[in-house]
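See structure below.
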Amino acid sequence: MGKRYIGLDFGRGIAILGVILAHSFEGRVTHWDSAVLFNLASQIPIVLLIILFVPIVVGSTLGSLFSFITAIGVTISSLRIRQKGLRYVFKYIIVKVIFALLLKGLEDFWVTVLKFPFFQNEYLEIPRVHLRYWAHSLDNVGCYSWLIPLVVLGITSIPRLKYKYQVAILTVISFLLLWYNNITVQLFATLGDWFKSKEFYFFYYLCSKVADGAFAIGQYVPFGLMGGAYGILFHNTQSFKEYWSYTIVVVILYLALGLPFVASEEDFFSRIFGWIKPTPFLFIVGAIQTLAMMICLQLNDNPNRSVKKRYLLIKNSTFLRRANCMSLTAYIVEESFSEFLYTVFRVFFGPGADLDNHVCLWPWYLVLFYVLVVTLLWVLLIRVWERFEFRFSMEHQLGCIMGWLFQTPYNRVDYKSTIYAPLNTVREELDRELAKENGEALATGGEEVVEVAQNTEASKEIEMKQVSSVC
């Protein structure tokens, strides 16, 4: 088994909690109306604006960070599996295709069921599951889980091509696709309309995932390819110096291709809350998520960093790894979870926004209180859920179905290896370091004792000689 990158689980945990925090207000209260958010921003002093408003905006992009880290993880897994043989890689890809289809089926089913007004209608019925003809973060996760290993397999199969050139090729393809993402989106939108006109509705459904939605695959698949590049890099070297050198180059390129073009984009700040994002914004998102991922890795996995500091961080961030274990569940149920809590808040504080007049009705401190309550209650919920081994979670359901399909033994969600194994590993490393320091201290102390003893014997000999000479 290869090295587990604790920082990737740490980053995914941050991403999923950031999504819950941002979506709780942006999605449930404002319904993604940017005018309401700007109205809220106009009421906040600049310092508080940075503390409150900026994290909410950044949080709305953390779904991309989650998918990006997922692409890194599946790439590393596929490269390790390839060491057993190509047939195992193809089997892995087929399993991931089925996983993606099951994930979408479970998402559409449970989102429909959780939102269905059983008690409002006052009778039970089987709800009709609505298929989403637009892309969500989980569409990217499902797509990356099989597409990125397939692309990486093709790149790494080129004879005598060193891993640095493999990384470079994927990086160039990623930047080109991101630069021309509007063409990709338009192409698949046109293709989808053609499929629909010819009554190929399944292919129309697939094209809608690429061309429409807040996380349209056509706009975000370049980040998946970048995740593939990082996966190749992490698989082939353990050098953090090399990691940071590559990251600095990538971040500079992202910012150079994004920031200068912000001013030329019409309604830039309004469009970042829409479905199809402006291209400069995507480049800025790429820089943020790449840097965030590397910081998480630096803090948790760099062996040159103090073991004690890494241990304390990993110990105090257990809740992030726990959130990562329930990430798929969070994506599916967070809408209903936030909606329920918003209903409770409305009883005491009234509606949070007037969508007709595009006005935020809550003061900034109430908005801050609301998003923190939603996020903290989710953290508490999954802590309690862990006591029941996360049964009936989306991860648990997927594991049961996949185990039944492929006739593999299934016991329970393997959450302990994600949540607690990193802490145990670093604790052992810390114990070894402390034992080594104690051993060196004992050795040094022993040498000093011997030296003192030798000096004592020498001084006695000198005194005897002096006495004998006097006699």
Side-chain angles (χ1 to χ4, degrees), residues 1-15 65 68-84 144 148-149 151-153 155-175 222-256 286-314 317 321 418 421-430 432-433 436:
M1 184 177 177
K3 171 181 171 60
R4 183 182 186 91
Y5 288 94
I6 304 170
L8 298 182
D9 295 329
F10 183 91
R12 279 165 53 109
I14 291 176
L65 171 63
F68 170 60
I69 295 177
T70 298
I72 297 174
V74 295
T75 300
I76 295 173
S77 297
S78 66
L79 289 172
R80 289 172 181 169
I81 290 171
R82 187 176 179 179
Q83 296 172 353
K84 301 178 181 179
Y144 292 175
I148 303 305
V151 173
V152 168
L153 176 63
I155 295 292
T156 55
S157 296
I158 301 175
R160 294 186 297 277
L161 187 65
K162 295 182 178 180
Y163 79 88
K164 291 185 178 180
Y165 295 109
Q166 298 169 1
V167 171
I169 290 172
L170 274 178
T171 303
V172 171
I173 295 173
S174 172
F175 274 96
F223 298 140
L225 295 175
M226 185 60 70
Y230 267 103
I232 294 174
L233 184 65
F234 294 162
H235 178 73
N236 285 278
T237 179
Q238 303 294 321
S239 171
F240 268 77
K241 182 179 180 181
E242 193 168 332
Y243 296 169
W244 275 110
S245 299
Y246 176 65
T247 298
I248 290 170
V249 172
V250 168
V251 169
I252 290 173
L253 287 174
Y254 272 136
L255 295 177
I288 294 172
Q289 69 183 15
T290 303
L291 194 58
M293 180 276 298
M294 266 310 302
I295 291 173
C296 292
L297 215 64
Q298 171 73 21
L299 294 175
N300 288 273
D301 295 282
N302 191 344
N304 295 325
R305 189 167 182 260
S306 166
V307 180
K308 186 176 181 180
K309 290 181 179 178
R310 284 190 283 128
Y311 172 75
L312 290 174
L313 176 64
I314 292 170
S317 61
R321 296 191 299 280
T418 300
L423 183 61
N424 296 332
T425 301
V426 181
R427 184 188 290 119
E428 291 172 1
E429 186 180 350
L430 179 61
R432 287 195 299 269
E433 184 174 283
K436 183 179 178 182

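Worth saying up front: this structure is predicted, and the values here are computed from it rather than measured. Residues: numbered from 1 along the sequence shown.
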**Message:** Can you confirm whether Leu297 sits close enough to Met294 that some side-chain heavy atom of one is under 4.5 Å from a side-chain heavy atom of the other?
**Reply:** yes
**Asked** Do the side chain of Tyr144 and the main chain of Gly227 share a donor and acceptor less than 3.5 angstrom apart?
**Response** no
**Asked** From Leu65 CG over to Ile288 CD1, what is the distance, rounded to the nearest 0.5 angstrom?
**Response** 10.0 Å
**Message:** Checking Met226 against Thr171 for the side-chain contact (heavy atoms from CB on, under 4.5 Å) test, could you report, in this order, the C-alpha distance in whole Å, the side-chain angles of both residues, the deciding distance, and whether it holds?
**Reply:** CA-CA 6 Å; Met226 185 60 70; Thr171 303; 3.9 Å; yes
**Prompt:** In Å, rounded to the nearest 0.5 Å, how long is the span from CZ of Phe234 to OH of Tyr246?
**Reply:** 9.5 Å
**Request:** Provide the closest heavy-atom pair for Ile314 versus Val426 in the form atom of the first, atom of the second, distance.
**Result:** CD1-CG2, 3.4 Å
**Request:** Would you mind reporting whether Glu242 and Leu233 have side-chain heavy atoms less than 4.5 Å apart?
**Result:** yes
**Message:** With heavy-atom distances below 4.5 Å as the criterion, would you say the side chains of Val74 and Val152 are in contact?
**Reply:** no
**Interatomic spacing from CD1 in Ile6 to SG in Cys296 - rounded to 0.5 Å** = 12.0 Å
**Message:** In the structure I gave you, are the side-chain heavy atoms of Tyr163 and His235 within less than 4.5 Å of one another anywhere?
**Reply:** no
**Asked** If you round to the nearest 0.5 Å, how far is CG of Asn236 from NZ of Lys162?
**Response** 12.0 Å
**Asked** Rounded to the nearest 0.5 Å, what separation is found between the OG1 atom of Thr418 and the CG atom of Leu8?
**Response** 11.5 Å
**Message:** Measuring only between side-chain heavy atoms, which start at C-beta, is Arg82 closer than 4.5 Å to Thr156?
**Reply:** yes
**Request:** Look at the side chain of Ser157 and the backbone N and O of Leu153, then say whether any donor-acceptor pair between them is shorter than 3.5 Å.
**Result:** yes
**Item:** Shortest non-hydrogen contact from Leu313 toward Arg305
**Value:** CD2-NH1, 4.3 Å
**Message:** Given Asp301, which partner from the list Phe240, Tyr243, Phe10 fulfils the side-chain contact (heavy atoms from CB on, under 4.5 Å) test?
**Reply:** Phe240
**Complete:** Correct closest heavy-atom pair for Ser174 and Leu225 would be CB-CB, 4.1 Å
**Prompt:** Do the non-hydrogen side-chain atoms of Met293 and Ile72 ever get within less than 4.5 Å of each other?
**Reply:** yes
**Asked** Taking Arg310 for the side chain and Asn302 for the main chain, is one N or O donor matched with an acceptor at less than 3.5 Å?
**Response** yes
**Message:** Are the side chains of Thr75 and Tyr230 in contact, using a 4.5 Å heavy-atom criterion?
**Reply:** no
**Request:** Check whether any side-chain heavy atom of Lys308 lies under 4.5 Å from a side-chain heavy atom of Glu433, and answer yes or no.
**Result:** no
**Fill in**
Value for OG1 (Thr237) from CD1 (Ile232), rounded to nearest 0.5 Å, stands at 13.5 Å
**Prompt:** Looking only at heavy atoms, what is the nearest atom pair of Leu161 and Gln166, with distance?
**Reply:** O-NE2, 2.9 Å
**Request:** Specify the closest pair of heavy atoms between Ala229 and Leu170, including all atoms of both residues, with the distance to one decimal.
**Result:** N-CD1, 3.7 Å
**Nearest heavy-atom neighbours spanning Val307 and Glu429** = CG2-OE2, 3.6 Å
